[in-house]
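Values in this document were obtained by computation on a predicted structure and should not be read as measured data.
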Amino acid sequence: MKRGAVIKFMAEGYCVKCKAKKEIVDGVEETMKNGRKAIKGKCPTCGTVMFKILGGKAAPSAAPSTPTNPPATS
């Protein structure tokens, strides 16, 4: 495989309007508020927005690691 090659991922989702499984067109991978990955695109037949939640969570962002010291007791 070449360096910098783009891998096209064709996801299959369920179209609620057509009531059938279809391939998601113009799919874009997004990260939801809860950190999970999803693909959002359109139905090839009717153009309705399709959304498929992918397995696993996105990599957590690097949080600053500040050590918490217990309160001093006197």
Side-chain angles (χ1 to χ4, degrees):
M1 181 175 250
K2 294 180 185 177
R3 277 201 140 156
V6 177
I7 299 172
K8 191 156 184 160
F9 181 72
M10 299 301 280
E12 189 177 54
Y14 183 78
C15 178
V16 180
K17 197 171 185 180
C18 296
K19 297 182 182 176
K21 277 191 175 183
K22 307 265 178 127
E23 213 168 84
I24 297 174
V25 178
D26 299 332
V28 178
E29 188 171 307
E30 295 184 350
T31 304
M32 298 189 297
K33 284 193 264 182
N34 63 0
R36 295 190 72 183
K37 291 183 179 180
I39 294 180
K40 186 178 181 180
K42 292 186 176 187
C43 172
T45 307
C46 64
T48 302
V49 175
M50 294 174 73
F51 197 78
K52 180 173 183 168
I53 298 172
L54 303 174
K57 291 197 173 203
S61 60
S65 58
T66 55
T68 55
N69 296 332
T73 54
S74 36

| task | Compare every heavy atom of Pro44 with every heavy atom of Val25, then report the nearest pair and how far apart it is. | result | CG2-CB, 3.5 Å
| Hphob cluster co-occupancy, Ile24 + Leu54, side-chain heavy atoms under 4.5 angstrom | yes
| query | How close do Met50 and Cys15 get, heavy atom to heavy atom, and via which atoms? | reply | CE-N, 3.7 Å
| request: State, with a plain yes or no, whether a side-chain heavy atom of Lys19 is found less than 4.5 Å away from one of Tyr14. | output: yes
| request: Verify the neighbour count for atom NZ of Lys22: are there more than 12 heavy atoms of other residues, nucleotides or ligands below 6.0 Å? | output: yes
| message | Tell me the closest heavy-atom pair linking Gly27 and Ile39, and the distance in Å. | response | CA-CG2, 4.0 Å
| task | Applying side chain to side chain contact (heavy atoms under 4.5 Å, CB included) between Lys17 and each of Thr48, Val49, Thr45, report the one that passes. | result | Thr48
